[in-house]
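Data first, discussion second: the structure below is written as structure tokens.
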Amino acid sequence: MKQEENIIEGQQQQVQYTDDNIQTLTGIEHIRLRPGMYIGRLGDGSLPEDGIYVLLKEVIDNSIDEFKMNAGKRIEVDIDEKLRVSVRDYGRGIPQGKLVEAVSVLNTGGKYDSKAFKKSVGLNGVGVKAVNALSARFEVKSYREGKVRALTFAKGVLQTDVTEPTNDETGTYIFFEPDNSEKLFKNYQFQSDIVENMLRNYTYLNQGLIIMYNGRRIVSRNGLRDLLSDSMTTDGLYPIVHMKGEDIEIAFTHTNQYGEEYHSFVNGQHTTQGGTHQSAFKEHIARTMKEYFGKYEYSDIRNGIVAAIAINVEEPVFESQTKIKLGSTLMAPEGESISKYVGDFVKQQVDNYLHIHTDVAEAIENKVKESERERKAMAGVTKLARERAKKANLHNRKLRDCRIHYSDTKDNRKEESSIFITEGDSASGSITKSRDVNTQAVFSLRGKPLNSYGLTKKVVYENEEFNLLQAALDIEDGLDTLRYNKVIVATDADVDGMHIRLLIITFFLQFFPDLIKKGHVYVLQTPLFRVRNRRTKIKNKKVIEEADAKRDPKERKSDFITHYCYSEEERLRAISELGPDPEITRFKGLGEISPEEFVHFIGPDMRLEQVTLHKNDQVAKLLEYYMGKNTMERQNFIIDNLVVEEDLPDEAEASNEE
């Protein structure tokens, strides 16, 4: 009876809700408590959408806005070996009287005044304040009228404030060091190629702008034409068409690749998920060409197109704080619609261009006719495949779906949605039992998929496995309906697993290259070894226990000190730390890893390697060599370059100890 009373009393204490529960946080405190609301995911810098790149972007956006107002043509960006960032522009400089407020008080900024910043990205008075709040150290200097005011902050709290005379050029200097504490940017790294790609996008959109990145000069002379030229992995069927208006710029060509590929920007912001401007461009470019030719379907006209659009909008509205999708429907608060503005420009300029450049019009029509012929040739099989896909959607035996999808526009966890493409039932079984059912789906392959190199898109519908995969991803008509943000290839780390990985990536490269170009495809890295030692075998038990206490909880158990090693180097380091006579298990396949262990390898800190595609990758030649029919040439290469490694000493014996 006494015990029951204690339980009831404890429950009453848990549900108490008083004035003490109500808290008021400062803006800086709220950013540090809920960083995801301001910068999206935190991450470690391995992906372009990770938080450290959002911090960098927020600072550079302010410098870009200065350039757009004809104040400063050069920006200097430096990231040192300690991963500290400095950005110096030569614009007007932040007004010194409000410098503290401008970098530390939310909803404070000069961009509410449309006279000072007409077409800016940063309109919410948050950006640089988030950088300040999430930095272990933050410095800002404003150079104006022969004076420099310098402030330093620690985690958003003002430390020093000094004003001195100066002969330096007018402008703003910002330094920040992301807070690498446990709850924020733990073990982060800036990837130079991600940073450089971001900076190049700025120069494509701002002709005449010079960005110095760690001493290297980045500049674009031809705007969006340079962007397409630098990003295309296959040659265009005709020279890139490039057109500019007062607040709009477009560029496009057709290639022999399948699908459509678009790059879109608003006020210099890369809208990776598109928005109203991209939708308008897709609609009107196809309509204009259809009216010019007097026939053809929109899908045939757009097949193989590679295009870019950039517009400037007053007071743009984005669908999230990270500004990756435009939600505005108007060019200005009381202006015309974005769709009409884009449509009028495309209709006039593209139609005139096609009438003048009949050779380009002929090249486009030849491509459209080819797409039409292929579509009609597989019309029957497409219809049957779609019927199968509809039935499969009711019960797709290949797919174990999740609850949250990338196409769920209103779900704030949609960025986390992912699908694992696995080989065989054993691997898919382990992942299925370990996954987060809210955000992680599993698609199971049956053995090795078909080598699709050199085949037409008809195979996507004729091959049941490919058709079910396409249906699971929902990408038949493009990426607008993509159901998973991350498409993760999860195969064994042996020869067969590597071959299956290549076959899947070949399939995407052949028929859905934009899936890779937009950064949605990854390879899951799983451990090769488990190295552990029973505590009873450890001589210096206290030392090891102290080391174990500092380790991630997922790497230790009550009876073992466990290391999961992804390479031979990590295996040797683990043996060195644990001492003699370790217990070593070599994982020969994903199916050998128990669900209890697998949950650690597909959690928030899972190791993913992004599949990327660049112009200098020579994709067509690589695919032809590795996936084509040059069997003898490839066989001779393997024989000439084969390396046979010696078996690891005592590994087999140690692997069987259990």
Tell me, please, which residues at least two apart from Arg302 pass salt bridge (Lys or Arg N to Asp or Glu O under 4.0 Å). Glu260
Residues passing the salt bridge (Lys or Arg N to Asp or Glu O under 4.0 Å) test with Arg200, sequence neighbours excluded, are Glu196
Distance flag, aromatic centroids of Tyr258 and Phe512, threshold under 6.0 Å: no
Checking Glu374 now: which residues fulfil salt bridge (Lys or Arg N to Asp or Glu O under 4.0 Å) with it, not counting sequence neighbours? none
For Asp89 and Ile64, what are the C-alpha separation, side-chain angles and deciding distance, and is it a side chain to side chain contact (heavy atoms under 4.5 Å, CB included)? CA-CA 9 Å; Asp89 68 42; Ile64 295 296; over 6 Å; no
Checking Thr255 side chain against Gln257 main chain: does a donor-acceptor pair fall under 3.5 Å? yes
Check: Ile52 main-chain N/O paired with Asp50 side-chain donor or acceptor under 3.5 Å: no
Can you classify the ring geometry of Phe466 versus Phe507 as parallel (below 30°), tilted (30 to 60°) or perpendicular (above 60°)? parallel
Hey, are Thr439 and Ser417 close enough side-chain-wise for a donor-acceptor pair under 3.5 Å? no
Over 12 foreign heavy atoms within 6.0 Å of NZ, Lys448: yes
Do Asp61 and Tyr202 meet the criterion of a side-chain donor-acceptor pair at a distance under 3.5 Å? yes
Under 3.5 Å side-chain donor-acceptor pair for Gln510 and Lys457: no
Taking the six-membered ring of Tyr90 (Phe, Tyr or Trp), confirm whether the NZ or CZ of Lys73 is under 6.0 Å from its centre and within 45° of its axis. no
Which atom pairs, donor and acceptor, lie under 3.5 Å between side-chain atoms of residues 359-366 and protein residues at least two apart or in another chain?
unit_1: Glu365; atom_1: OE2; unit_2: Tyr296; atom_2: OH; d: 2.7
unit_1: Asn366; atom_1: ND2; unit_2: Glu362; atom_2: O; d: 3.3

Is a donor on one side and an acceptor on the other found under 3.5 Å between the side chain of His254 and the backbone of Lys367? no
Does the side chain of Tyr53 come under 3.5 Å of the side chain of Glu58 through a donor N or O and an acceptor N or O? no
Can you sort out the partners of His357 under side-chain hydrogen bond (donor to acceptor under 3.5 Å, both in side chains), two or more places apart, ordered by chain and number? none
Inspect the contact between Glu76 and Arg74 and indicate whether a charged nitrogen and a carboxylate oxygen are less than 4.0 angstrom apart. yes
Check for a donor-acceptor pair, side chain of Asn303 on one end and backbone N or O of Gly259 on the other, with a separation under 3.5 Å. yes
Within 45° of the ring axis of Tyr406 and under 6.0 Å from its six-membered ring centre, is that where the NZ or CZ of Arg483 lies? no
Between Phe345 and Tyr341, is the gap from one ring center to the other below 6.0 Å? no
So, are Lys347 and Glu291 salt-bridged, with charged N and O less than 4.0 Å apart? yes
For Asp300, the salt bridge (Lys or Arg N to Asp or Glu O under 4.0 Å) test, sequence neighbours excluded, returns Arg375
Using modelled atom types only, decide if a donor and an acceptor are shared between the side chain of Thr271 and the backbone of Ser264 within a distance under 3.5 Å. yes
